[in-house]
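Below, all heavy atoms of this structure are taken into account, side chains as well, without hydrogens, waters or symmetry copies.
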Amino acid sequence: SQPLVVLNDTQIPDLARDAAARFKVGGWQVSSYEENYSNDIVSTCAYYDPAVIGSKAAALALQKQFPTIKRVVARFPELPAGPVVVVLTLDYTPT
């Protein structure tokens, strides 16, 4: 699997930390997480870096394992570096 970066784009405290822990239990490596990310993201999404071989497949596998990730999309330049960056929005649920 590719390492994940997890970003909290909500005001819910510790959402990225808790999601990162959940992904780790699911067998994923989390390289970092950030609680105070702010952007206009419409739904929880796994962004993959098209320049990294295997990143799209990893993002799709993550979405299949955690269906609360609504979308898988190529990353945009303002995101932090990482093969897969998960941005959590208000539609993310930890189940």
With a 3.5 Å distance limit and no angle check, can you tell me whether [X] reaches the backbone of [Y] through a side-chain donor-acceptor pair?
{"X": "Ser43", "Y": "Lys70", "result": "no"}
{"X": "Arg75", "Y": "Ala46", "result": "no"}
{"X": "Ser32", "Y": "Val5", "result": "no"}
{"X": "Gln29", "Y": "Leu4", "result": "no"}

Grouping I, L, V, M, F, W and Y whenever their side-chain heavy atoms are under 4.5 Å apart, do [X] and [Y] come out in a common cluster?
{"X": "Leu62", "Y": "Val6", "value": "yes"}
{"X": "Leu88", "Y": "Ile41", "value": "no"}
{"X": "Trp28", "Y": "Val85", "value": "no"}

Requested in this report: Can you measure from CG (Leu60) to OH (Tyr48) and round to the nearest 0.5 angstrom?
Outcome: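 Rounded to the nearest 0.5 Å, the CG-OH separation comes to 8.0 Å.
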Query - Leu79 and Val87: CA distance, side-chain angles, deciding distance, side-chain contact (heavy atoms from CB on, under 4.5 Å) verdict - result: CA-CA 9 Å; Leu79 285 173; Val87 179; 3.9 Å; yes
Any side-chain heavy atom of [X] sitting closer than 4.5 Å to one from [Y]?
{"X": "Val73", "Y": "Lys56", "value": "no"}
{"X": "Asn39", "Y": "Phe76", "value": "yes"}
{"X": "Lys64", "Y": "Val72", "value": "no"}

Query raised in the report: What heavy-atom pair brings Leu7 and Pro80 nearest, and what distance separates the two atoms?
Result: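 Answer, listing the atom of Leu7 first, then Pro80: CD1-CD, 3.7 Å.
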Query - Nearest atoms (heavy-atom pairs only) where Arg71 meets Gln63 - result: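 Between these two residues, the closest heavy atoms are N-NE2, 3.7 Å.
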Query raised in the report: By side chain to side chain contact (heavy atoms under 4.5 Å, CB included), which residues pair with Val52, not counting sequence neighbours?
Result: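 With neighbours one apart ignored, the set is Gln2, Asp49, Ser55, Pro83.
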Kindly list each side-chain donor-acceptor pair under 3.5 angstrom involving residues 10-19, sequence neighbours excluded, with atom names and distances?
{"unit_1": "Thr10", "atom_1": "OG1", "unit_2": "Asn8", "atom_2": "OD1", "d": "2.6"}
{"unit_1": "Thr10", "atom_1": "OG1", "unit_2": "Ile12", "atom_2": "N", "d": "2.9"}

Report task. May I have the step-by-step check of side chain to side chain donor-acceptor pair (under 3.5 Å) for Thr44 and Asp91, ending in yes or no? Result -> CA-CA 6 Å; Thr44 297; Asp91 65 2; 2.6 Å; yes
Query raised in the report: Do you know which of Phe23, Tyr92, Phe66, Tyr47 makes side-chain contact (heavy atoms from CB on, under 4.5 Å) with Val86?
Result: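 Answer to the side-chain contact (heavy atoms from CB on, under 4.5 Å) test with Val86 among Phe23, Tyr92, Phe66, Tyr47: Phe23.
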